[in-house]
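Keep in mind it's a predicted model, so treat the numbers as computed, not measured.
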Amino acid sequence: MAVYTHLTQGEIADVIADYNIGRLLSANEIVKGVSNSNYLLRVAPDNAPATKYIFTIFEERTDADDLPFCFGLTDHLAKRGFPCPLPLKNKHDQIVTMVKDKPAVIISFLPGSEKEQWNDADCFSAGETLARLHNTTRDFAMTRDNKLSLTGWEKLWATANQQFHNPTIAGDMATLTEKFAVVKNYWRDVPPTMPRGACHADFFPDNVFFADAKTARITGVIDFYFACTDFLAYDLAIAVTAWCFQNANRSAAFQPKMCEQLLAGYLSLRPLQVDEKKYFINLLIGAAWRFALTRFYDFHAHRDGDIVKPKDPAFYRAMLDWLLLPDSQSTIKKLLP
């Protein structure tokens with residue numbers, strides 16, 4: 001989350017007036033994250049307790065055509081008891097409204113908070129929650145292509161080669177070009193017949209809320225803006241890269257116990273098919289490349305005036321290097337029952 005579009009309290013109150021949720025008590029900017037502008041709202045109907053909401057204005061990196069899928073998905077999940085934000089409809093029965101010529105939404109506020117440090121029990125809960133998400137969307141009919149799969153990777157890498165002409169990163173780009181060729185071979189081996197469905201595609205610890213620091217009980221999953229239709233096991237692979245490696249001095253230290261527990265949590269609700277296990281390494285390599293690529297691009301496309309500092313791509317590059325080693329692949333395979 002971040003704030004790029006600054007609104008006055010009066011301007012936000014005008015937006016709130018188009019919803020049947022009461023009057024605005026306060027609106028505070030949330031300065032955290034990358035892509036969109038976010039506010040924490042406190043709203044109250046007459047003679048009723050205040051309720052919190054999140055108000056998001058989508059900036060230039062968000063394609064408005066993708067929003068119906070994202071909010072159709074969270075609406076589907078929330079109405080079936082999955083802990084994710086419920087999008088609100090305005091008086092015109094619309095989820096997406098326009099604010100200063102930009103699409104915007106108001107969603108329900110979820111209790112809890114992210115953990116900066118997590119343990120094995122947290123990983124089990126994370127895996128279990130991701131499987132629950134996949135199971136709950138079996139009857140979800142909407143689809144959306146994953147814009148950050150192979151075709152998207154190729155487009156983004158081509159853009160990077162067109163934009164980045166700094167000689168100090170020429171060596172990095174040559175190395176990444178070689179890595180990408182290897183990654184593509186792994187990805188193309190994955191059979192297209194593997195189970196597909198609605199994926200979160202960004203199931204990182206900062207998008208998962210826990211009741212408190214001492215419990216592994218998950219109270220919410222947020223940020224569905226990368227959600228798409230893809231291999232379900234790929235969504236699990238993304239989660240493994242996010243939860244089961246520790247970043248120490250820009251290296252990627254694999255945490256086998258955390259991985260074992262995350263997989264156990266997932267498998268407790270959704271067993272993997274034979275091909276999903278066989279090609280799980282391929283999916284992990286694809287997941288590591290996806291974030292190594294996007295972080296590399298964001299890091300070098302960053303402008304001095306940008307609000308949010310981009311994440312260092314070195315962690316995911318180190319992870320990719322580790323996953324390409326035969327011994328590492330054997331370690332992962334032993335964790336899949």
Side chains of [X] and [Y], heavy atoms from C-beta outward: is any pair under 4.5 Å?
| X | Y | result |
| --- | --- | --- |
| I54 | I106 | no |
| E114 | V208 | no |
| L88 | I95 | no |
| E59 | I57 | yes |
| Y297 | Q163 | yes |
| D298 | K311 | no |
| L130 | L269 | no |
| V221 | F82 | yes |

| said: Using ring pair (Phe, Tyr, Trp, His ring centres under 6.0 Å), reason through W187 and W289 one step at a time and then give a plain yes or no. | reply: CA-CA 10 Å; W187 192 259; W289 168 257; over 10 Å; no
Compute whether any side-chain donor of one residue and acceptor of the other, for [X] and [Y], lie under 3.5 angstrom apart.
| X | Y | value |
| --- | --- | --- |
| H92 | D18 | yes |
| D139 | H76 | yes |
| K102 | T5 | yes |
| E29 | H6 | yes |
| T294 | R290 | yes |
| N38 | T56 | yes |

Where do [X] and [Y] come nearest, in terms of heavy atoms and distance?
| X | Y | answer |
| --- | --- | --- |
| A216 | S125 | O-OG, 2.8 Å |
| I21 | V43 | O-CG1, 3.2 Å |
| C199 | F231 | SG-O, 3.5 Å |
| D66 | R144 | OD2-NH2, 2.9 Å |
| T74 | P85 | CB-O, 3.5 Å |
| A104 | V99 | CB-CG2, 3.8 Å |

Do any N or O atoms from the side chain of [X] and from the backbone of [Y] form a donor-acceptor pair under 3.5 angstrom?
| X | Y | value |
| --- | --- | --- |
| T241 | A288 | no |
| E276 | Q273 | yes |
| T137 | F140 | no |
| T215 | A211 | no |
| S251 | A253 | no |
| E11 | T8 | yes |
| S328 | L324 | no |
| Q9 | S26 | no |
| K277 | P337 | yes |

Linking I/L/V/M/F/W/Y whenever any side-chain heavy atoms sit under 4.5 Å apart, do [X] and [Y] land together?
| X | Y | answer |
| --- | --- | --- |
| L41 | L86 | no |
| I16 | L25 | no |
| L133 | M142 | yes |
| V182 | F280 | yes |
| V105 | L67 | yes |

Is [X] salt-bridged to [Y], cutoff N-O under 4.0 Å?
| X | Y | answer |
| --- | --- | --- |
| D63 | K147 | yes |
| D75 | K79 | yes |
| E128 | R270 | no |

So, is the end of the K184 side chain (NZ or CZ) under 6.0 Å from the ring centre of F180 and within 45° of the ring's axis? yes
Residues 313-337 vs ring-ring contact (aromatic ring centres under 6.0 Å, His included), sequence neighbours excluded, gives F245-W322, F254-W322, F291-Y316
Residue pairs meeting ring-ring contact (aromatic ring centres under 6.0 Å, His included), one or both in residues 101-133, sequence neighbours left out, come to W118-W243
Nearest 0.5 angstrom please: [X] [atom1] to [Y] [atom2], how far?
| X | Y | atom1 | atom2 | answer |
| --- | --- | --- | --- | --- |
| Q117 | Q246 | CD | CD | 8.5 Å |
| K334 | E260 | NZ | CD | 13.0 Å |
| N28 | Y39 | CG | OH | 10.5 Å |
| K278 | L283 | NZ | CG | 13.0 Å |
| C244 | L263 | SG | CG | 7.0 Å |
| L73 | C84 | CG | SG | 7.0 Å |

With sequence neighbours excluded, residues passing side chain to side chain donor-acceptor pair (under 3.5 Å) with [X]:
| X | result |
| --- | --- |
| D327 | none |
| T168 | N166 |
| N282 | none |
| N135 | R138 |

Give a yes or no on this: more than 12 heavy atoms of other residues, nucleotides or ligands lie within 6.0 Å of atom [atom1] of [X].
| X | atom1 | value |
| --- | --- | --- |
| R80 | CZ | yes |
| D145 | CG | no |
| K91 | NZ | yes |

Show the numbers, then the answer: is there a side chain to side chain contact (heavy atoms under 4.5 Å, CB included) between L7 and F55?
CA-CA 11 Å; L7 301 177; F55 172 42; 3.7 Å; yes
H200 vs F226, test: ring pair (Phe, Tyr, Trp, His ring centres under 6.0 Å). Steps then yes/no. CA-CA 7 Å; H200 186 280; F226 287 105; 8.9 Å; no
Sub-6.0 Å ring centroid separation between Y53 and Y19 | no
Just checking H134 against Y266, ring centres under 6.0 Å apart? yes
Result for salt bridge (Lys or Arg N to Asp or Glu O under 4.0 Å) between D122 and one of K257, K214, K115 points to K115
